[in-house]
Amino acid sequence: MIATYYEVWDDATGNRAGGAFDSLEEARALLLDILRLNGEDVAADMAIIAFEPDEAGQVQARTIVEGADFVSEVRRMASTIAHA
């Protein structure tokens, strides 16, 4: 049976960034690198997609992290750390 894997996609261009990742944490790390290197506008156009097998063994794609939400989350975390 195929295991769930994750990919980071650029919604603006329809291109995949990087390869497939075994964990959500690895995909989030790539998205964080994209944010740090390219800025909020680029990262906001990205998404993390989970590719999960269903009961019939067919792989289904599901967006689990929207780039804009990720950017907002990182901003909140940075703000919290700055005020600690």
Side-chain angles (χ1 to χ4, degrees):
M1 180 176 220
I2 298 172
T4 299
Y5 61 95
Y6 304 87
E7 295 179 352
V8 178
W9 282 82
D10 183 336
D11 291 338
T13 66
N15 293 319
R16 183 176 71 173
F21 300 96
D22 293 331
S23 71
L24 176 57
E25 291 76 21
E26 291 172 310
R28 288 177 63 87
L30 174 60
L31 190 52
L32 185 58
D33 285 346
I34 290 169
L35 173 60
R36 288 178 179 152
L37 294 172
N38 300 295
E40 291 184 357
D41 290 341
V42 172
D45 284 339
M46 301 294 212
I48 298 175
I49 311 297
F51 292 87
E52 305 166 308
D54 62 17
E55 293 176 7
Q58 300 295 314
V59 175
Q60 304 296 320
R62 180 172 60 99
T63 301
I64 57 171
V65 176
E66 289 286 353
D69 294 338
F70 182 82
V71 169
S72 294
E73 176 186 338
V74 170
R75 266 198 228 131
R76 280 192 306 276
M77 289 173 56
S79 176
T80 300
I81 291 169
H83 290 96

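Both backbone and side-chain heavy atoms feed into the values below; hydrogens, waters and symmetry mates do not.
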Let me confirm one number: the [atom1]-[atom2] distance from [X] to [Y], rounded to the nearest 0.5 Å.
| X | Y | atom1 | atom2 | value |
| --- | --- | --- | --- | --- |
| Glu40 | Leu35 | CD | CG | 6.0 Å |
| Ile48 | Leu30 | CD1 | CG | 8.0 Å |
| Ile64 | Tyr6 | CD1 | OH | 5.0 Å |
| Met46 | Asp41 | CE | CG | 12.0 Å |

Minimum heavy-atom separation for [X] to [Y], with atom names?
| X | Y | value |
| --- | --- | --- |
| Thr4 | Pro53 | OG1-CD, 3.9 Å |
| Ile49 | Ala61 | CG2-CB, 3.8 Å |
| Glu66 | Ala47 | OE1-CB, 4.3 Å |

Margin query: Checking the side chain of Thr80 only, and the main-chain atoms of Arg76 only, is there a donor and an acceptor separated by less than 3.5 Å?
Written below: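 Yes: the side chain of Thr80 pairs with the backbone of Arg76.
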Open item on the list: Would the distance check show the side chain of Arg36 and the main-chain N or O of Asn38 forming a donor-acceptor pair, the cut-off being under 3.5 Å?
Closed with: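 Such a contact is absent between Arg36 side chain and Asn38 backbone.
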Between Phe70 and Arg28, is there a side-chain heavy-atom distance shorter than 4.5 Å?
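Yes, side chains in contact.
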Could you tell me which residues satisfy ring pair (Phe, Tyr, Trp, His ring centres under 6.0 Å) with Tyr5, sequence neighbours excluded, listed by chain and number?
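Scan of Tyr5 (ring pair (Phe, Tyr, Trp, His ring centres under 6.0 Å), adjacent residues dropped) gives Phe51.
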